[in-house]
Colleague: 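Got a structure here, written out as structure tokens. Questions coming.
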Amino acid sequence: TSTVGRPQPQAKGEKTPISDTSYVGIDAILEQMRRKAMKQGFEFNVMVVGQSGLGKSTLMNTLFKSKVSRKSVQPNVEERIPKTVEIKSVSHDVEEKGVRMKLTVIDTPGFGDQINNENCWQPIMKFINDQYEAYLQEEININRKKRIPDTRVHCCIYFIPPTGHCLRPLDVEFMRHLSKVVNIVPVIAKADTLTLEERDSFKKTIREELRANGIDVYPQKEFDEDAEDRMINDKIREMIPFAVVGSDQEYQVNGKRILGRKTKWGTIEVENIAHCEFAYLRDLLIRTHMQNIKDITCSIHYETYRVRRLNESNPATPQPNGVAAQHEALSHEM
Amino acid sequence: MCRLLTADHRLYHQTEPWRHPEGGCTAIFRCNVNGAASFAKQSSRGFVLRLTAATMASTEIARQAGEGARGVPLSGHVGFDSMPDQLVNKSVNHGFCFNILCVGETGLGKSTLMDTLFNTKFEGEPTQHNQPGVTLKSNTYELQESNVRLKLTVVNTVGFGDQINKEDSYKSIVEFIDAQFEAYLQEELKIKRTLHSYHDTRIHACLYFIAPTGHSLKSLDLVTMKKLDSKVNIIPIIAKSDAISKSELAKFKIKITSELVSNGVQIYQFPTDDESVAEINSTMNSHLPFAVVGSTEEVKIGNKMVKARQYPWGTVQVENETHCDFVKLREMLIRVNMEDLREQTHTRHYELYRRCKLEEMGFKDTDPDSKPFSLQETYEAKRNEFMGELQKKEEEMRQMFVQRVKEKEAELKEAEKELHEKFDRLKKLHQDEKKKLEEKKKSLDDEVNTFKQKKTAAELLQNQAQQAGGSTTLKRDKERKN
């Protein structure tokens, strides 16, 4: 004998759970996405900016546990300091547990090293905009690649020298200009020269100065998606800039081999959060917020650039949105 | 020097140049991670690594690793292996969308199959057979399973195959599909756009329902599928397949497949490039078209309630793989290839549409040596054209306005003139009246005067008469009288 099936949930416009006697399999899409992501791999482009000698290369190598950045070799005095800011971009394929990533580290030797550092952020700004431009050009092609190669700078780590006082005018100027086009993550470099109290007051001063100058560093308050996000990001915002120490040397401490810096008065453990905040930086950049950093670059910074670029030809008249909207505007007028 | 990547993602570096013995090219490669050395030989399947260490598999297929980057080994756990999770979490927060188009004649069980596939009762009543043309009706539903939210859109062809003249049946379907591409393209071309929150309505999968005649495809089917195969992923299915016996079904499938091939219809092939699903997908590819049966009614078989159709001679169980291919369809469509269907739609069908549309609109890619921003220039040219047209229309409107004003002005002047005339007339009338009245008044005054004169004259006479006899008594009388 057949019986009419038990009442099925009406799937009209509201979220309805599918009856749990029969599994449809929609959530298998998560696995499908994961497979696709593993096959395609990821790209991540990070730029390091700061005066020479602040430990940028060492920090990169510590973050990615491999020699992704070559420390500047200084053979002789003439070759040491570049005359202008250079942009050096090096890519590496790294792989971990089946996940492949093309990591690009963009170094900026010469930043802040001259006597007159006026406008030294301009080559950097130009580089960042050039990457947006390259992406835009490929995107508007008629015959375009399946996967547009993403060379856009996702994150710019700015190294603040550990003076303990306040931000220098160069720091403020740089961050003010660049926070509008790229995600800036400021860090206090070589933080092992500051005591904990000095570190805290330095950080507080820096945060106040950033606020006073209207500089929005990552994670930006206005891009928090929901309450949960805001809570997590507020905690981070209270801690930035992270005070970091980098090292690629391993030492024996308490029977374990850990990365650190050995001094006469003790060994600074890089990954010990009681010693420095390297672990927080690593977690933010890599383990929890990497996708979010890329998303903000893609959907906000890049889009801002695109809007500006497409409006450039006709700055006088306000542009209606795109070609179709112009059709509409025309027909409305009639 | 070449670099090879194995299926389990170990990177091998070439350590010596290729040698060419008989039978192909070989060279020695060394693994970055563990230093193992192996021979590699180039073959049609890729590179075949023959490992020298006894502990590993004897041969492995490897492919060439990407250009432009140097592989570096990691000396510890960095943590970016959480990236797929971060990506998946973001997608879960956003929700997914999936759009299915069901093409088939009325009465082939399209709605029932959708209900069965997604285990819910979508609304709608069976359509009548007297539709004048083919229309497409689309409904969107929000489904949720564990933490995955899916916005499912099911589009049905209403009236397909019911007309006497079916020449234009496919047109509304093609137009609908194109309209979804167009909407996405417009959003993509906008200056201020919100692509990540855009509700994607492009059709990801087209289930083409073939009537279970048991013989061959109808010409309507062939024509329609041929028109659709470059626009959408077509998955042909044999509907109501419980009407065909097993042996007939096998012959029917072969006939359909050969007809599709001989007519050059490109149906969707389940992807076989990813190792984890290659096997199941290639098996399923050989079972196309799927013979399905849909049912939302449940029947007790043994001690379970299963979805089935009950006949006097037996019960067809929907989820029994020996009875029909429903399970295969669900597996392929939802559980294994949903993401690939979406991707193919975006990277192949949509790109093709976009390319054709932009070329039609007059855009051209410039060749690599010339610099200009071709889209920008053509945008500008079009913009100027529009501005020109806009100005022309404005001018016309202004002319019309001036004309109207003139007319109105003339009208008003006319009215004014009339009023003046009326005023003059009335004034004249008034004056005439006044004159008449004055004359009357004058004659009245004259009369009064004459009367007064007569009165005074009469009184005088009376006085004189009184004075003649007894003037004092008259006076006294007068005084008394007064």
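Letters A, B, ... mirror the listed sequences (proteins, then strands); counts begin at 1. When reading the values below, keep in mind they use all heavy atoms of this one structure, side chains included, and skip hydrogens, waters and symmetry mates. This structure is a prediction, so every number in the text was calculated from the model and none was measured.
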Colleague: Examine whether an atom of A:T104 lies under 4.5 Å from a heavy atom of chain B, and if so say whether it belongs to the side chain, the backbone or both; otherwise answer neither.
Modeller: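 Neither the backbone nor the side chain of A:T104 comes within 4.5 Å of chain B.
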Colleague: Salt bridge or not for B:E339 and A:R35, using N-O below 4.0 Å?
Modeller: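 The answer is no: the pair does not qualify as a salt bridge.
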Colleague: Any luck finding a side-chain donor-acceptor pair between B:D115 and B:T296 under 3.5 Å?
Modeller: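 No, no side-chain donor-acceptor pair sits under 3.5 Å.
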Colleague: Is it true that A:E269 and A:Y251 share a donor-acceptor pair across their side chains at a distance under 3.5 Å?
Modeller: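 Per modelled atom types, A:Y251 and A:E269 side chains form no pair under 3.5 Å.
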Colleague: At a 4.5 Å cut-off on heavy atoms, which part of A:F42 comes close to chain B: side chain, backbone, both, or neither?
Modeller: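 A:F42 touches chain B through side-chain heavy atoms alone.
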Colleague: Between B:H77 and chain A, with a heavy-atom cut-off of 4.5 Å, which part of the residue counts as in contact: side chain, backbone, both or neither?
Modeller: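 When you check distances to chain A, atoms from both the backbone and side chain of B:H77 fall under 4.5 Å.
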Colleague: So does B:D273 pair up with A:K39, basic N to acidic O under 4.0 Å?
Modeller: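 Salt bridge flag = yes for A:K39 with B:D273.
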Colleague: Which residue out of B:V277, B:D340, B:T194 racks up the most heavy-atom pairs below 4.5 Å with chain A?
Modeller: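 With the most close heavy-atom pairs to chain A, the winner is B:V277.
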Colleague: For the candidates B:V336, B:V92, B:L152, which exhibits the highest count of non-hydrogen atom pairs separated by less than 4.5 Å from chain A?
Modeller: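 Of the candidates given, the most pairs with chain A belong to B:V336.
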Colleague: Report which part of B:V148 has an atom under 4.5 Å of a heavy atom belonging to chain A: side chain, backbone, both, or neither.
Modeller: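 The side chain, not the backbone.
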Colleague: Where does B:I334 contact chain A at under 4.5 Å (heavy atoms): side chain, backbone, both or neither?
Modeller: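 Both backbone and side chain.
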Colleague: Which of the residues A:S66, A:A28, A:A37 is involved in the greatest number of heavy-atom pairs with chain B at under 4.5 angstrom?
Modeller: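 Most heavy-atom pairs under 4.5 Å with chain B: A:S66.
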Colleague: Do B:Q86 and B:S82 pair up side chain to side chain, a donor and an acceptor below 3.5 Å, judged on atom types alone?
Modeller: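 There is such a pair (donor and acceptor under 3.5 Å, judged by atom type) between the side chains of B:Q86 and B:S82.
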Colleague: Against chain A, label B:N337 side chain, backbone, both or neither, depending on which of its atoms sit under 4.5 Å from a heavy atom there.
Modeller: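 It is the backbone, since no side chain atom gets that close.
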Colleague: Count the heavy-atom pairs under 4.5 Å between each of A:Q32, A:K294, A:K146, A:E31 and chain B, then report the option with the highest count.
Modeller: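 Sorted descending by pairs with chain B, the first entry is A:Q32.
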Colleague: Is any side-chain heavy atom of A:N183 less than 4.5 Å from a side-chain heavy atom of A:T297?
Modeller: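 The answer is yes, as the side chains (C-beta and beyond) meet within the 4.5 Å cut-off.
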Colleague: Where does A:D295 contact chain B at under 4.5 Å (heavy atoms): side chain, backbone, both or neither?
Modeller: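 The side chain, not the backbone.
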Colleague: So, the side chain of A:R34 versus the backbone of B:L87: is there a donor-acceptor pair under 3.5 Å, distance only?
Modeller: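 Not confirmed, A:R34 side chain does not pair with B:L87 backbone.
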Colleague: Less than 4.0 Å between a side-chain N and a carboxylate O, is that true for B:R330 and B:E319?
Modeller: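 A salt bridge is present here (some side-chain N lies under 4.0 Å from a carboxylate O).
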Colleague: Using non-hydrogen atoms only, which part of B:F96 is less than 4.5 Å away from chain A: side chain, backbone, both, or neither?
Modeller: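 For B:F96, side-chain heavy atoms alone lie under 4.5 Å from chain A.
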Colleague: Any side-chain heavy atom of B:M83 sitting closer than 4.5 Å to one from A:Q291?
Modeller: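 The answer is yes, as the side chains (C-beta and beyond) meet within the 4.5 Å cut-off.
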Colleague: Does the side chain of B:R355 come under 3.5 Å of the side chain of A:N143 through a donor N or O and an acceptor N or O?
Modeller: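 The criterion, which ignores hydrogens and geometry beyond distance, is satisfied for A:N143 and B:R355.
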Colleague: Which atoms of A:E139 come close to chain B, meaning under 4.5 Å heavy atom to heavy atom: side chain ones, backbone ones, both, or neither?
Modeller: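 For A:E139, backbone and side chain are both near chain B.
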Colleague: Less than 4.5 Å to any heavy atom of chain B: does that hold for the side chain of A:Q40, its backbone, both, or neither?
Modeller: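 Interface part for A:Q40: side chain.
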Colleague: Identify which part of A:E303 has an atom lying under 4.5 Å from any heavy atom of chain B, answering side chain, backbone, both or neither.
Modeller: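 The side chain, not the backbone.
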Colleague: Pick one of side chain, backbone, both or neither for A:R282, based on which atoms fall under 4.5 Å of a heavy atom in chain B.
Modeller: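 A:R282 touches chain B through side-chain heavy atoms alone.
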Colleague: Considering only heavy atoms, which portion of B:R342 lies under 4.5 Å from any heavy atom of chain A: side chain, backbone, both, or neither?
Modeller: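 Side chain only.
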Colleague: By a 4.5 Å heavy-atom criterion (distance strictly below it), what part of A:L103 contacts chain B: side chain, backbone, both, or neither?
Modeller: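 When you check distances to chain B, no heavy atom of A:L103 falls under 4.5 Å.
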Colleague: Is the cationic atom of A:R309 (NZ for Lys, CZ for Arg) positioned less than 6.0 Å from the six-membered ring centroid of A:Y132 and within 45 degrees of its normal?
Modeller: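 Here A:R309 fails the 6.0 Å and 45° test against A:Y132.
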Colleague: For B:E331, which atoms come within 4.5 Å of any heavy atom of chain A: side chain, backbone, both, or neither?
Modeller: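 No part of B:E331 comes within 4.5 Å of chain A.
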Colleague: Side chain, backbone, both or neither: which part of B:L117 has an atom under 4.5 Å from a heavy atom of chain A?
Modeller: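 Contact with chain A: backbone only.
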Colleague: Is there side-chain contact between A:F44 and A:C155, with heavy atoms separated by less than 4.5 Å?
Modeller: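 The answer is yes, as the side chains (C-beta and beyond) meet within the 4.5 Å cut-off.
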